[in-house]
Structure formats: C-alpha cells, structure tokens
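For reference, the structure is listed below as structure tokens.
All heavy atoms count here, side chains included; hydrogens, waters and symmetry mates do not. For this chain, numbers begin at 1 and follow the sequence in order.
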Amino acid sequence: IPIVLKFLVAMKPKIAGIPDHNERLPLHHVTQNSRYKDYEEGGIAAILRASPRALSTRDVLSHMYPFMIAALSTRIEDSYTKGLKKDEESSKNTLCQFTSCFALLSENPNLLMMGIPR
C-alpha cells in the first residue's frame, strides 16, 4: 500500500489533501497504521510534501494532530509471521513510532505549543 500511495500522490498531489468519507486525511490514516510508520517508506513524507497543511490539521475522530496519532498508535503486526521475536518486533515498532513522531514535529515544532496555556 505505501508504494501505491506514493505513486498516487506523485501523480496527483491534491489527493493528499482530500478527506475520506469520515473527513479523515490520508496523513491521519498513515500515521495511525503502525505497519507504515517509516517516515519515507511509509508515505508520510510524500503526503507532507503534497499537502503540508495536513500536518497541522486535527483528525476529526480523535481530535489529535498527526504527530500525536503517530506517538499513540500501538498496533503491532503478527511478528511471528516475519520470523521475529515479539520483543524485537515491539522494539522495532517503538523506534518507528518515535522516528515518525519526531519527523512530524521537526516539520512544524510550533505544534508542541498547541494546547499549552499561556
């Protein structure tokens, strides 16, 4: 799916800014799905290049920014189908979550200030 997503965004960049029937943007879906956490390979970077506004758009279902969704997503694929031990898969997933969250915040550090009273 990430390859298809990157292909679609490359062909029609406006797709990255079009919400689905639940008013969720592609970035919200990609950051929620742990199988596609890798920032470049998972399509996150391609979506951001095509639709930078998506980074500062809250998800209508969770009311969270994409970096928050990336930080909280905990779905782990069945690691045994990949031949990895559960601990190895868990560590890999945690690292991907951290990397994606950090990359998203690096794109717009001002998002950290949202919700902090002045």
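What you find for H28 and A54 is that their closest heavy atoms are NE2-O, 4.5 Å. The minimum heavy-atom distance between H63 and R58, with the atom names listed, is O-NH1, 2.8 Å. Closest heavy-atom contact between A50 and A16: CB-CB, 3.7 Å.
In this structure, CE on M64 lies 9.0 Å from OG1 on T31, to the nearest 0.5 angstrom. Expressed to the nearest 0.5 Å, how far CD1 of I69 lies from CG of L27 amounts to 7.5 Å. Here the straight-line distance linking atom CG of L55 with atom CG of L25 works out to 11.0 Å at 0.5 Å rounding. Atom-to-atom distance recorded for S51:OG and I15:CD1 is 11.5 Å, nearest 0.5 angstrom. We find the OH-CG distance between Y65 and D59 to be 12.0 Å, quoted to the nearest 0.5 Å. The distance from atom CG of L105 to atom CE of M68, rounded to the nearest 0.5 Å, is 8.5 Å.
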What donor-acceptor contacts under 3.5 angstrom involve side-chain atoms of residues 106-113, with partners at least two apart or in another chain?
{"from": "S106", "atom 1": "OG", "to": "F102", "atom 2": "O", "distance (Å)": "2.8"}
{"from": "E107", "atom 1": "OE2", "to": "Y39", "atom 2": "OH", "distance (Å)": "3.1"}
{"from": "N108", "atom 1": "OD1", "to": "N110", "atom 2": "N", "distance (Å)": "3.2"}

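No continuous path of hydrophobic side-chain contacts links L61 to I47 [ILVMFWY only; heavy atoms under 4.5 Å].
Between V60 and N22, every side-chain heavy-atom pair lies at or beyond the 4.5 Å cut-off.
Here side chain to side chain donor-acceptor pair (under 3.5 Å) pairs that include residues 10-20, with residues two or more places apart or in two chains, are D20-H29.
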